[in-house]
Amino acid sequence: MKQILKAADIESAVKEAKNQHLEIGLVPTMGALHEGHLSLIERALKENDLVVVSLFVNPIQFNNKEDLEKYPRTIEKDLELVKSLELRVKSDSKAKELLAFTPTVEEMYPQGEPKEVYHFGPVEEVMEGPRRPGHFSGVAVVVRRLFDLAQPTRAYFGEKDYQQIAVIRNLLEQIKYPIELVPCPIVRADDGLALSSRNMRLSPAARAIAPTINATLEQASEMAEYEEVDDVKEWVLDTLSSFHKVNPSLCPNGLKFEPEYFEIVDAITLQPIASWADAEKNGAVGCITVWLDGVRLIDIVKF
Ligand code: PAF
């Protein structure tokens with residue numbers, strides 16, 4: 001693994017790789033790496049000749065200043081994790097080179113805050129879109145910069161940020177770059193909690209009950225075999241909202257789940273469905289956002 005600080009150095013490595021007709025895998029991250037990120041990097045190493053992992057906390061995708069400030073920054077540890085992953089999967093890896101791109105904000109945005117704005121139509125008008133104005137445009141700006149620099153054959157994104165994948169798919173249609181979008185499954189802790197950089201902000205009591213989110217979604221997926229969409233939605237929201245009343249001993253000091261939304265949507269268009277038949281073609285996905293202990297957690301379930 002080689003750490004790269006300058007965009008120009010990524011460009012020259014990519015130019016050389018392109019001259020040799022090598023395949024390039026890009027894994028965009030904001031650092032604070034966990035096994036979920038490592039699974040994306042591992043897959044990229046297996047499928048490409050050169051892998052670029054970016055570690056960059058992108059300020060323009062945060063619509064909340066406090067969230068940006070609180071975002072964990074663990075760059076030295078991240079680089080160690082990437083290095084040891086590279087050694088661990090060496091025998092299975094196609095990639096001959098792994099570049100960890102760790103630019104500063106000035107390096108990424110040399111002209112200052114970018115002015116470009118992206119719109120994605122219906123896929124951004126639901127769930128996270130209205131709740132985090134400007135977020136997806138900010139994601140698109142940085143992802144496009146990374147696409148321009150790394151010119152990847154494939155780009156790897158985790159399915160936990162399910163709506164982000166739909167947005168990137170839409171971005172690729174708009175900019176017409178021949179990049180294969182590779183959605184990768186969520187990696188979970190042994191108790192089912194979806195791995196997230198935010199989990200490290202949970203108190204021990206909150207961390208102990210957080211797997212209830214996934215457990216509730218799994219039960220919802222069983223219910224989907226015999227219940228209507230609206231009933232499943234209502235049950236999920238009620239189960240989480242009333243958890244602290246049913247389990248007071250597990251919820252000290254006012255700890256409780258506060259679901260922001262749970263939507264059951266078409267897996268590609270992301271439009272809410274009214275009946276299971278509405279998602280016959282693409283499948284249905286349940287997307288949830290829950291506040292717990294001041295931390296905003298997201299998860300999904302495929303129906
Ligand atoms: O999913 C993330 O970590 C970020 O949104 C991404 C894609 C790295 C862009 O900053």
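We use all heavy atoms of the structure for the numbers below, so side chains are in, but hydrogens, waters and symmetry mates are not. Just follow the structure's listing: the first ligand is 1, and inside any ligand the first atom is 1.
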*Inter-residue atom distance Leu195.CG - Leu193.CG, 0.5 Å rounding*: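 Nearest 0.5 Å value for the CG-CG distance: 7.0 Å.
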*asked:* For the CG atom of Asp238 and the NZ atom of Lys233, what is their distance to the nearest 0.5 Å?
replied: 12.5 Å
_Sequence-distant partners of Arg188, salt bridge (charged side-chain N to carboxylate O under 4.0 Å, His left out), two or more places apart_ =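 With neighbours one apart ignored, the set is Asp299.
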*asked:* Whether Lys83 and Asp78 form a salt bridge (side-chain N of Lys/Arg under 4.0 Å from carboxylate O of Asp/Glu) is what I want to check.
replied: no
With the criterion set at N/O pairs under 3.5 Å, what does the list of contacts between the protein and ligand 1 look like, atom names and distances included?
| unit_1 | atom_1 | unit_2 | atom_2 | d |
| --- | --- | --- | --- | --- |
| ligand 1 | 1 (O) | Gln164 | NE2 | 2.8 |
| ligand 1 | 5 (O) | Gln61 | NE2 | 2.9 |
| ligand 1 | 5 (O) | Gln164 | OE1 | 2.7 |
| ligand 1 | 10 (O) | Gln61 | OE1 | 2.6 |

*Is there a donor-acceptor pair closer than 3.5 Å between any side-chain N or O of Arg43 and the backbone N or O of Cys184?*
no
*Flag the pair Phe120 / Phe136 as yes when their ring centroid distance falls below 6.0 Å, and as no otherwise.*
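No, they do not, as the ring centres are separated by 6.0 Å or more.
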